[in-house]
Amino acid sequence: MAEAADFQGTSPSPARRWLRRTGAVLAGTPLLTGLLQLPAASPAEAAAPAAPRAASDDGSVAVSVDSLTPGAPAEGDTVTVSGTVTNKGKKTVTDASVGLRVGSLLDTRSSIDTVAKNSDDIGSPVGAEIDDKYTEKFTKLTPGVSQPYTISVPADELDLGQDGVYDLSVTLTGETSDQPWEQTLGVRHTFLPWQPDEADTKTKTTFMWPLISTVHMTAETGSDEEQTPVFHDDELAEEISPGGRLDRMVALGKDLDVTWVIDPDLLASVEAMTTRYEIPGENADDKNAVGGHQAVAKRWLTEVQKAVADKEVVALPFGDPDLASLAHHGTSVTGSLRHLKEATDVAAGTVESILHVTASTDFAWPVEDAVDPSIIKVSTSAGADKVITRGDTFEGGRDLTYTPTAPRPIGGGTTAVVADARLSTVFDGDMTRASASTQAVQRFLAQSLTLALQTDRPRSVVIAPQRTPSAAQAQTMAEAIGALQDSTWSQPQDLTAAAKSKPDPDAGTEVPPASAYPKSLRKQELPRSAFEQIARTQEKLDRFKVILSNPSRVVTPFGRALNRGMAASWRGRPAEAAIYRSGVETYLDTLSSQVRLIEKSDTKLSGRSATIPVTVQNNLVQGVEHLVLRLTSTNPTRLEIDGNAYEEQPIAVSGGHSQSVKFTTNANANGRATVVAQLYTQDGRPYGQPVTFDVKVTEITATVMLVIGGGVLLLVLAGFRMYTQRKRAAARQAEEREQENAADAADADAGDAKNPEASERRPTQESAPDTREDAPEQPSDPAPDTAPESADPSGTGERVDR
């Protein structure tokens, strides 16, 4: 909807201005009487006869206004206009002259829009040319060649009267060979705000200065103690480097009275760059691959700290989530609003820890400031009670001839802070050309002054520019804000103060319906599948974190990555957004799979009971705990696990280690039994993939026992036989020795009979034998009863008595 603010409270008198400007020229001519009898004409119409007729070759010369200083002149100032003129035609222009013309007073905001839309139309009305001495002449303008010009005119010579915005045009007149008369060949309309005296009631103006970027950090971190962050690109380093977009935003904003609107994710990402960071796929020898911009990051954060000191700072939810996408597609997915709440909860703390200022989290800022009832509901669900919206999507109010003040109470304790649409969008587009930048500044000042002159009511005006201005756009914005803050009709105000100002009782408070939400914006929203993937990843994270000894190492980076997956900066980049979300989920799956069961081959059991080991491997850096390993027999009638169908044992494994867990099994019958090993969390949910293997049971039968028993009996009988045979052989040997001894004794007795002396020398049986160890063995000594023991080791199967 267009703003209901196109009429001033008091309009100027065109007849009086016309008489003042043309009276001196027409005085004393007979035409004066006839003219005074006609109805009053507009200044532009009155000045038209004094201007050269337009060329038939429409706009053959392009005129640019590259600089206009000061943008809002005061009495005593000199207005300087500079730019270029370029012959776009095929004919050389001769006797060319560049001059300034002051046109009509633009007393409505829509009339400013009309002039801006037709700023180079040579058929548009122009005023009378200022004194000929304030012109610049060119002998000729060659086709395709540009010539610079500069014209300086004292403000007093411009004959400006009533306060307001004047149509200031730069025209080029000249001749061509086929049209040899003076004609207007090119024109450029711009705006000249004029209010030299301080206004009795100044407009309080709030300018939101956004410090927002796109997503750069991934969920991945290094395995070192510092958890080295991983970026998917190094574009953020370019933005914060000297001359980069974000560097210019900080340098330009530090000297302006603005409200800083910051995405905490940007601060967290730059802070992560102050130490070592990595970029996948980069050459390891490239310093950027391991973070070569620490000094740049530290310098930028220091500059931000200086810039926001003593300024108001508004913190958006972490990652700047797309509130409209969430409202239209995410609320039907369980857990989506939980992420918005988490992003809001960490916002203020992140800003304070890095910038050392207290930030407000009371404001929600939907994309393009467009709202409907569902967006309002989602925006306030996380605690914000003020929603930034814009006048072209919010009803201004019936029968209002002025732009109402920004705050609008919309019920439920919520305030819609309605930003001015014209002032907020004037800096859109390419501002790299000096002419476009100058025109945007002058149009901004013109709209601001015209708004201020609408009424004497005190009003608060909020300006919400594009979310991520380019460096050129930021430069243009800074010039416009600087000129506005030096003006006589406006004064700066913080966003919080603007939101708390007294609402206009006649302003509209009805939130636009869902059908009024712009279709162009709806086409760019994140789809429902995006929120479903985020919910699925969150569920996996919830299962993973409960087993970790230090869950914060995983919960924090993944939680923030899920917030980034909902960022408004993904609009217009659906493929990149899908790749990012899939990367987060895939990396989480990779980490989760580092805790797993080792595959087992089939096992054979011989006997009624045995022990089966199952190994749990943990390849994570940190330890895991709160896990339960369950071994289940699918056929417990054949194979039991510790007397049951399954057995569970708690698991705790240190980082980088494996642990084997033993389970006792009991076999009841022969055959094959399938066994399943599965990890579970303590709440009973399966973790990871199960490991299945077969156990082949071979039971010991009665026949086998008889065979074994028979073999043992044969061994015993063979040993007994060997023993008896040895005993009989020893008895025969003893008997033979006794017989030999008896024969020897008989022979001795026979000899004694023949030699009595020898018989007397032999000892008798009562005499004690020689017990000395070195006594020589006598031939007549009796043989021992058993053989002496051998000192050598016994042979296999040999029985040794001890």
Side-chain angles (χ1 to χ4, degrees), residues 1-5 203-206 208 259 261 312 314-317 320-331 337 340-341 344 360-425 451 455 457-464 467 493-518 521-522 525 568:
M1 303 177 195
E3 293 186 33
T203 303
K204 297 178 180 178
T205 306
T206 300
M208 296 168 54
T259 293
V261 182
E312 182 182 39
V314 171
L316 299 175
D320 187 22
D322 191 335
L323 300 175
S325 296
L326 184 57
H328 296 157
H329 305 290
T331 52
L337 292 179
L340 177 60
K341 181 67 167 61
T344 303
S360 171
T361 57
D362 297 337
F363 293 87
W365 191 15
V367 173
E368 297 291 340
D369 318 318
V371 296
D372 61 22
S374 64
I375 297 176
I376 295 291
K377 184 177 180 180
V378 166
S379 299
T380 57
S381 65
D385 58 0
K386 304 173 187 66
V387 182
I388 305 296
T389 181
R390 204 165 66 195
D392 54 352
T393 61
F394 206 94
E395 180 66 48
R398 294 177 297 178
D399 303 326
L400 285 179
T401 59
Y402 59 88
T403 302
T405 195
R408 316 276 181 87
I410 56 177
T414 303
T415 299
V417 181
V418 182
D420 187 83
R422 289 184 171 96
L423 294 174
S424 298
T425 59
L451 182 151
T455 179
R457 289 173 176 267
R459 285 171 298 166
S460 295
V461 175
V462 173
I463 302 167
R467 248 177 167 75
Q493 184 181 40
D494 289 343
L495 182 60
T496 299
K500 292 180 178 179
S501 62
K502 184 179 179 180
D504 193 319
D506 297 325
T509 58
E510 184 178 355
V511 178
S515 59
Y517 189 80
L521 294 180
R522 193 178 289 272
E525 292 177 349

Strictly distance-based, threshold 3.5 Å: is any side-chain N or O of [X] a donor or acceptor partner for the main-chain N or O of [Y]?
| X | Y | answer |
| --- | --- | --- |
| Glu312 | Thr496 | yes |
| Ser424 | Asp420 | yes |
| Ser501 | Ala498 | yes |
| Ser381 | Val378 | yes |
| Ser360 | Asp362 | yes |
| Arg459 | Leu451 | yes |

Decide yes or no for [X] and [Y]: does some side-chain heavy atom of the first lie under 4.5 Å from some side-chain heavy atom of the second?
| X | Y | answer |
| --- | --- | --- |
| Asp494 | Thr206 | no |
| Thr403 | Arg422 | no |
| Thr415 | Asp385 | no |
| Val418 | Val462 | no |
| Trp365 | Lys386 | no |

[X] to [Y] - nearest heavy-atom pair and separation:
| X | Y | result |
| --- | --- | --- |
| Thr259 | Gln493 | OG1-O, 4.5 Å |
| Pro407 | Ala499 | CB-O, 3.6 Å |
| Leu400 | Ala507 | CD1-CA, 4.2 Å |
| Ala514 | Arg522 | O-NH2, 3.4 Å |
| Pro366 | Ser379 | CG-OG, 4.3 Å |
| Val417 | Leu495 | CG1-CD1, 4.3 Å |

So, are Arg390 and Asp392 salt-bridged, with charged N and O less than 4.0 Å apart? yes
Assess, by modelled atom type and distance only, whether the side chains of Arg457 and Tyr402 contain a donor and an acceptor separated by less than 3.5 Å. yes
Determine, step by step, whether Arg408 and Asp504 satisfy the salt bridge (charged side-chain N to carboxylate O under 4.0 Å, His left out) criterion, reporting the C-alpha distance in whole Å, the side-chain angles of both residues, the deciding distance to 0.1 Å, and the verdict. CA-CA 8 Å; Arg408 316 276 181 87; Asp504 193 319; over 6 Å; no
Roughly how far, to the nearest 0.5 Å, is the [atom2] atom of [Y] from the [atom1] atom of [X]?
| X | Y | atom1 | atom2 | answer |
| --- | --- | --- | --- | --- |
| Asp369 | Met208 | CG | CE | 7.0 Å |
| Asp506 | Thr405 | CG | OG1 | 12.5 Å |
| Ser325 | Leu521 | OG | CG | 9.5 Å |
| Leu340 | Thr331 | CG | OG1 | 11.5 Å |
| Ile375 | Leu326 | CD1 | CG | 10.0 Å |

List in chain and number order the residues that pass ring pair (Phe, Tyr, Trp, His ring centres under 6.0 Å) with Phe363, two or more places apart in sequence or in another chain; answer none if no residue qualifies. none
Taking ring pair (Phe, Tyr, Trp, His ring centres under 6.0 Å) as the test, write out the residues that go with His329, two or more places apart. none
